[in-house]
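Quick notes on the structure that follows.
No hydrogens, no waters, no symmetry mates; every other heavy atom, side chains included, goes into these values.
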Amino acid sequence: MKVIVQSVNFTADKDLVEFVNKKVEGLEKFHDKIVDGEVFLKVQQTSEKENKVSELKLNIPNHDLMVKKESKTFEEGISLCVDSMKRQLMKIKEKERELQQ
């Protein structure tokens with residue numbers, strides 16, 4: 001699976017990009033037809049501590065899935081996005097199974 005990582009208002013370091021790729025590629029266990037994934041990492045200009053926004057978008061045939069989370073760190077945000085995306089993928093897989101029966 002191809003994962004595109006885009007950082008807005010900052011430059012993502014190599015370790016962060018590798019972390020994102022590893023986490024997102026782990027989603028392939030939950031759905032075998034994932035075409036590609038896009039990750040957007042943004043820093044909001046606010047006084048709040050939770051100013052890191054992580055967005056994860058997956059392209060699957062007949063579906064475009066998106067998750068957006070705000071957190072203190074990008075690692076935490078990506079972990080939350082991946083967990084949420086796992087649930088969405090399992091729901092879609094379940095619906096596909098029901099339709100096949």
Side-chain angles (χ1 to χ4, degrees):
M1 167 175 51
K2 190 171 109 183
V3 180
I4 301 162
V5 180
Q6 296 181 15
S7 53
V8 181
N9 298 336
F10 78 104
T11 305
D13 64 347
K14 193 175 82 173
D15 292 340
L16 180 60
V17 173
E18 285 177 16
F19 176 82
V20 169
N21 281 326
K22 196 170 123 189
K23 285 292 230 180
V24 174
E25 286 173 359
L27 290 170
E28 287 184 304
K29 291 183 254 176
F30 297 92
H31 201 289
D32 51 353
K33 293 188 174 90
I34 298 174
V35 179
D36 64 357
E38 290 178 75
V39 177
F40 298 96
L41 304 171
K42 301 175 190 169
V43 178
Q44 291 183 326
Q45 304 300 328
T46 63
S47 58
E48 295 176 31
K49 288 183 180 173
E50 293 196 358
N51 66 339
K52 313 275 190 308
V53 178
S54 306
E55 293 182 24
L56 171 59
K57 181 180 175 195
L58 288 184
N59 296 316
I60 299 171
N62 304 322
H63 297 285
D64 278 341
L65 304 175
M66 179 137 179
V67 177
K68 181 177 181 178
K69 300 287 181 189
E70 288 185 30
S71 59
K72 292 179 184 174
T73 65
F74 286 117
E75 289 82 1
E76 181 186 355
I78 290 299
S79 295
L80 292 170
C81 284
V82 167
D83 289 344
S84 186
M85 191 61 79
K86 280 180 195 173
R87 288 190 291 277
Q88 286 189 34
L89 289 171
M90 289 192 292
K91 280 183 188 175
I92 288 172
K93 196 86 167 170
E94 196 63 40
K95 285 181 182 174
E96 288 174 354
R97 274 196 212 116
E98 288 173 9
L99 290 175
Q100 288 175 353
Q101 291 177 352

Subject >> Flag, side chain of S79 to backbone of E75, donor-acceptor distance under 3.5 Å >> reply: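 The answer is yes, because a donor-acceptor pair under 3.5 Å joins these two groups.
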Is [Y] reachable from [X] through a run of I, L, V, M, F, W or Y residues, each pair having side-chain heavy atoms under 4.5 Å apart?
| X | Y | answer |
| --- | --- | --- |
| L27 | V17 | yes |
| I78 | L16 | yes |
| I4 | V8 | no |
| V67 | I92 | yes |
| V35 | V3 | no |

Subject >> Ionic contact status for K23 with D83, cut-off 4.0 Å >> reply: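 Salt bridge between D83 and K23, a charged N being under 4.0 Å from a carboxylate O: no.
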Subject >> Presence of salt bridge, K91 and E94, under 4.0 angstrom >> reply: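 Salt bridge between E94 and K91, a charged N being under 4.0 Å from a carboxylate O: no.
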Answer yes or no: is there a side-chain heavy-atom contact under 4.5 Å between [X] and [Y]?
| X | Y | answer |
| --- | --- | --- |
| L89 | K29 | no |
| V53 | F40 | no |
| M1 | V24 | yes |
| V39 | S54 | no |
| Q45 | N9 | yes |
| Q88 | H63 | no |
| E76 | K52 | no |
| D64 | N59 | yes |

Original post:
Taking all atoms of both residues into account, what is the closest heavy-atom pair of S7 and T11, and its distance?
Top reply: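 That would be OG-CA, 4.0 Å.
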Original post:
Looking only at heavy atoms, what is the nearest atom pair of L41 and F10, with distance?
Top reply: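 Shortest heavy-atom contact: O-CE2, 3.4 Å.
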Original post:
Do K42 and Q44 pass the side chain to side chain contact (heavy atoms under 4.5 Å, CB included) test, and can you show the C-alpha distance, the side-chain angles, and the key distance before you say yes or no?
Top reply: CA-CA 6 Å; K42 301 175 190 169; Q44 291 183 326; 5.5 Å; no
Straight-line distance of [X] [atom1] to [Y] [atom2], nearest 0.5 Å:
| X | Y | atom1 | atom2 | value |
| --- | --- | --- | --- | --- |
| K72 | N51 | NZ | CG | 11.0 Å |
| E28 | I34 | CD | CD1 | 6.0 Å |
| M85 | M66 | CE | CE | 8.5 Å |
| C81 | L65 | SG | CG | 12.5 Å |

Original post:
Going through the distances and angles, do H31 and E96 end up as a side chain to side chain contact (heavy atoms under 4.5 Å, CB included)?
Top reply: CA-CA 11 Å; H31 201 289; E96 288 174 354; 3.6 Å; yes
**OP:** Check each of R87, K93, K86 against F30 using the side chain to side chain contact (heavy atoms under 4.5 Å, CB included) test, and report the only one that passes.
**Re:**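 Answer after filtering R87, K93, K86: K86.
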